[in-house]
S.K.: 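First the structure, which I've put down as structure tokens, then a few questions once you've had a look.
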Number of protein chains: 2
Amino acid sequence: MAAEAPLISPVLASEVNRARIMQALYDTGPLSRAELARLTGVSRATIGSITAQLIDNGLLAEGDSRPSSAAGGKPSRPLWFAENAPPIASAHLLPGTVEAALISAGGTLLARTRREYDVHVSGGAPALEALTEALTEIRAAGSAEPMGIGVAIGGMVDTDSGSIVHIALAPALDGLPVAEHLSTTLELPTWIDVHPRVQALGDRWFGQGRGRAGFASLYTGEALGVGLVIGGSVHRGPGGTGGEVGHTTVDLHGKPCHCGRIGCWETIATHTWLRAEALEKGLPGAATLTAGPLARLAARDHPHAAELLDEYARNLAIGMANLHQTFAPGLFILHGDAVAAGETLRGRIEHQLHRGIPPHPAGPPQVAFTNLDDHATLLGAAGLVLSRTLHIAI
Amino acid sequence: MAAEAPLISPVLASEVNRARIMQALYDTGPLSRAELARLTGVSRATIGSITAQLIDNGLLAEGDSRPSSAAGGKPSRPLWFAENAPPIASAHLLPGTVEAALISAGGTLLARTRREYDVHVSGGAPALEALTEALTEIRAAGSAEPMGIGVAIGGMVDTDSGSIVHIALAPALDGLPVAEHLSTTLELPTWIDVHPRVQALGDRWFGQGRGRAGFASLYTGEALGVGLVIGGSVHRGPGGTGGEVGHTTVDLHGKPCHCGRIGCWETIATHTWLRAEALEKGLPGAATLTAGPLARLAARDHPHAAELLDEYARNLAIGMANLHQTFAPGLFILHGDAVAAGETLRGRIEHQLHRGIPPHPAGPPQVAFTNLDDHATLLGAAGLVLSRTLHIAI
DNA sequence: TAGGTTAGTTTAAAGAGTAAACATACTGAG
DNA sequence: CTCAGTATGTTTACTCTTTAAACTAACCTA
């Protein structure tokens, strides 16, 4: 329990309970009042009164009644988010590009758009403009006013002030007050967070992390990042620090990293490394190689391809083993480049990971690929709004 | 919030509130009802009724009234743990040795003892016997029955089953059901956990981590271990995994570790490394060197001593920087060997740590030495009982 | 001694969850 | 077709807890 947690008053308790009902729905899918009562361990009467409020507020709606079981009984009426419940506006700010989407309260993608902007304009006005335009466009696609805006940033941010700290490929945006600008311009509550953490929120609310207390959401490809879910909530250090797992030292006597240090995990497990190795091994398309094509080369028994795939798996597993030894998330959900390589790579990563850690009765950690395709981040930005709006600290 | 959290009923709310009052006292020290009311944001009436129960139960007692401020007013009566409140029995199981202590509810050490045992007897009966004897002895030193037993284990454990998984220097104890044995033999609820995590609980309840939402408690010396406090609670992976930070890879092309892998943090930041380097540099007493004597050598301008101290600080900082990059605890509390080297080493570690991480508006992480002397683990074992008994997940 | 200030308690009221009974709506055997 | 059985959802009387406001207690200063 966080330090200085307020005492629980009846009204706070009911607020928390309302939020937990919502969360149980997100974690499990549509549920009848009786199912909710069993799941949460309270009486059907209580669930009835709580859900009545949520239905009155237009957040939830009763679905068509489901057939009774063979034993008989009154058919249950599943509850789920109402058609016209407030949706959520989400965006992903990348160097030069903005993606935005409107997500329904239930987690379906209602609309999606993108904008390009000039990264070089100091002050970052074009980025804010692109964000505002994209969000205005998708906002118009919904029938109700969004409950808020969530933005994922491909760089370091200060979640307290809602501003960008540093984006390596877009230094002109450093210090940009994204949340402040959007909340005043669009008159909606706005939250921002770093990309891997938002991605983890996507897994937590809508993906394989649903209902789980702990897991690690890993992004691989041109960079490495991690979002850690601990105790059901995504972990944030002071001001939103943490998750910069790409720049942890794994090879003290290795190659210099672009960040200025030596042997960061990124020096052995990103595209830059993969392409350099591929070039050395004389693989075709080395300069633009990614994990997917590499796995296909390996499947076709191309010389050295399987070898390189193994090394890539081993290098990814090194950092994951470090995470396991420290945090023991129990589950790694992989996003980005690695996913395209499919089971070939997943199995190798899992194997290497299990080799690199001592046995424990709790069993070895699992390695999974995301099932959210490329929506993970935009869904996660919606999860960011949900986490902040419902008063639960996910 | 953890998945599947139960809904809050009035009676659960009051239970949680009682626990939070207790925690506020631990975090802040003796407090009057009015101060508690201000701290927790509830009315004085509420605090009055909650504390009345705790006083009736014999847990809390009113201290002598404190003088009013210059503005006048009725003098406040500080509340603190009662003299005869149930104490806590705590123990630390090491290869060959058991330490045990009786800790008052308020966190003072009432009695302390130790036992030796034969590590080589397979089945581990002597260890259990030593634990039982030591705990029986210190139990007799208290006026009231202890509220429970907390045991720190110098090795890998399964916190779910309360048994030892593996202790490197005492393989005869593998699988030993410590909690089960003690709880039936001594008829007291018993919990066990790994040493660094227990140490972190000591910091959280009684040391520099008091009242903090997040920090890392690091043990240095013959081994490296970490206990992570996140959201006010100590972090446990499934079954109590995690914290094995000594065996995270930092030097992929480094020396082999006794665990079978290459370049673990322990290969560059423990006594083994320090002594090998000292030998190479021809420092006196190299074979038994620790950080304290090394710092004194460095202070006396002994050739190479300052150099070695710098390297030691740098090597410790490498793993700490990795922890900061992933988890950003904001504060590192150091225990063990390093403490004896004093500010000389602390400053160097902090300097090296700050060099190794990118700047952020939230400010750099702090490095502190424990103020709990060698009691940290035994106090932490008491904290383990407190965490489990009060229904808060610290 | 009076007025101001702070601590702690009392009391009536409001809000929330609960248990038990009840109404509703289905299944399936006879 | 009826009726017992079963499960869902709602109503009602009740308990528990916090709260606001008034009140008492104990101190300070002028």
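It should be emphasised that the depicted structure is a prediction, and the values quoted were computed from it without experimental measurement. Just so you know, these numbers use all the heavy atoms, side chains as well, and skip hydrogens, waters and symmetry mates.
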S.K.: So A/Thr46, base contact, sugar-phosphate only, or nothing? Heavy-atom distance under 4.0 Å.
M.R.: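 If one applies the 4.0 Å heavy-atom cut-off, A/Thr46 turns out to touch a base.
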
S.K.: By nearest atom, which of the nucleotides C/dG8, C/dA16, D/dA21 is closest to the B/Arg77 side chain?
M.R.: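 My answer, after comparing the listed nucleotides, is C/dG8.
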
S.K.: Given D/dT8, C/dG17, D/dT17, which nucleotide is nearest the side-chain atoms of B/Val11?
M.R.: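 When the side chain of B/Val11 is considered, D/dT17 is the closest of D/dT8, C/dG17, D/dT17.
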
S.K.: Please classify the nucleic acid contact of A/Arg38 as base, sugar-phosphate, or nothing, using heavy-atom distances under 4.0 Å.
M.R.: sugar-phosphate

S.K.: For A/Gly73 and for B/Lys74, locate the closest nucleotide of DNA chain C by heavy-atom distance; then report the residue assigned to the nucleotide nearer the 5' terminus.
M.R.: B/Lys74

S.K.: Please round to the nearest 0.5 Å and tell me the distance separating atom CG of A/Leu109 and atom CG of A/Leu379.
M.R.: 6.5 Å

S.K.: Rounded to the nearest Å, what distance is computed from the CZ atom of residue A/Arg20 to the P atom of nucleotide C/dA16?
M.R.: 16 Å

S.K.: Any side-chain N or O of B/Ser68 below 4.0 angstrom from OP1/OP2 of D/dC28?
M.R.: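 No, outside the criterion.
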
S.K.: Is any side-chain nitrogen or oxygen of B/Ser9 closer than 4.0 Å to OP1 or OP2 of C/dA16?
M.R.: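 The answer is no; no side-chain N or O of B/Ser9 sits under 4.0 Å from OP1 or OP2.
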
S.K.: On DNA chain D, nearest-nucleotide positions of A/Gly48 versus B/Arg44: which is more 5'?
M.R.: A/Gly48

S.K.: Mind checking if A/Ile8 touches a base, just sugar-phosphate, or nothing, with heavy atoms under 4.0 Å?
M.R.: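 The answer is sugar-phosphate, as A/Ile8 gets under 4.0 Å only of primed atoms, P, OP1 or OP2.
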
S.K.: In whole Å, I'd like the distance from the CG atom of B/Leu7 to the P atom of C/dG15.
M.R.: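 After rounding, the gap between these two atoms is 20 Å.
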
S.K.: Once you round to the nearest 0.5 Å, how far does CG of B/Leu378 lie from CG of B/Leu102?
M.R.: 11.0 Å

S.K.: Return the value, rounded to whole Å, for the distance between atom CD1 of B/Ile47 and atom C1' of D/dT17.
M.R.: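 Atom-to-atom, B/Ile47 to D/dT17, this comes out as 13 Å.
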
S.K.: How long is the line joining CZ of B/Arg66 and P of D/dC28, in whole Å?
M.R.: 15 Å

S.K.: B/Ser14 side chain N/O closer than 4.0 Å to the phosphate oxygens (OP1, OP2) of D/dT17?
M.R.: yes

S.K.: Scan B/Ser65 against the nucleic acid and name what it touches under 4.0 Å (heavy atoms): base, sugar-phosphate only, or nothing.
M.R.: nothing

S.K.: Is B/Arg33 touching bases, backbone alone, or none of the nucleic acid, heavy atoms closer than 4.0 Å?
M.R.: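 Sugar-phosphate contact only - B/Arg33 comes under 4.0 Å of backbone atoms but never of a base.
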
S.K.: Among D/dT18, D/dG9, C/dA19, which nucleotide has an atom closest to any side-chain atom of A/Pro10?
M.R.: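 The closest nucleotide is D/dT18.
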
S.K.: Would you name the heavy atoms of A/Pro238 and B/Ala328 that are closest together and state the gap between them?
M.R.: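 Residues A/Pro238 and B/Ala328, closest heavy atoms: CD-O, 3.1 Å.
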
S.K.: Between B/Gln53 and A/Glu35, just flag the one whose closest nucleotide in DNA chain D comes earlier from the 5' side.
M.R.: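 The 5'-side residue here is A/Glu35.
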
S.K.: Atom CG in A/Leu25, atom CD in A/Glu35: separation rounded to 0.5 Å?
M.R.: 10.0 Å

S.K.: If you compare all heavy atoms of B/Asn17 against all heavy atoms of A/Ile8, which two are closest, and at what distance to 0.1 Å?
M.R.: OD1-N, 2.7 Å

S.K.: So, is A/Asn17 close to the C/dG17 phosphate, meaning a side-chain N or O under 4.0 Å from OP1 or OP2?
M.R.: yes

S.K.: Would you mind reading off the distance between B/Glu62 atom CD and C/dT9 atom P, rounded to a whole angstrom?
M.R.: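 Checked: the CD to P distance equals 7 Å.
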
S.K.: Drop me the distance from A/Ile50's CD1 to B/Leu7's CG, to the nearest 0.5 angstrom.
M.R.: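 It is 5.5 Å, given to the nearest 0.5 Å.
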
S.K.: To the nearest angstrom, how far is A/Ile21 atom CD1 from C/dG17 atom P?
M.R.: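 Between P of C/dG17 and CD1 of A/Ile21: 9 Å.
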
S.K.: Check the distance between C/dA16's P and A/Ile50's CD1 and give it to me in whole angstrom.
M.R.: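 So the two atoms are 10 Å apart, to the nearest Å.
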
S.K.: Hey, does B/Ala34 reach any base, or is it just sugar-phosphate, or nothing, if we go heavy atoms under 4.0 Å?
M.R.: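 Sugar-phosphate only.
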
S.K.: Would you mind reading off the distance between A/Leu36 atom CG and D/dT10 atom P, rounded to a whole angstrom?
M.R.: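 Atom-to-atom, A/Leu36 to D/dT10, this comes out as 12 Å.
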
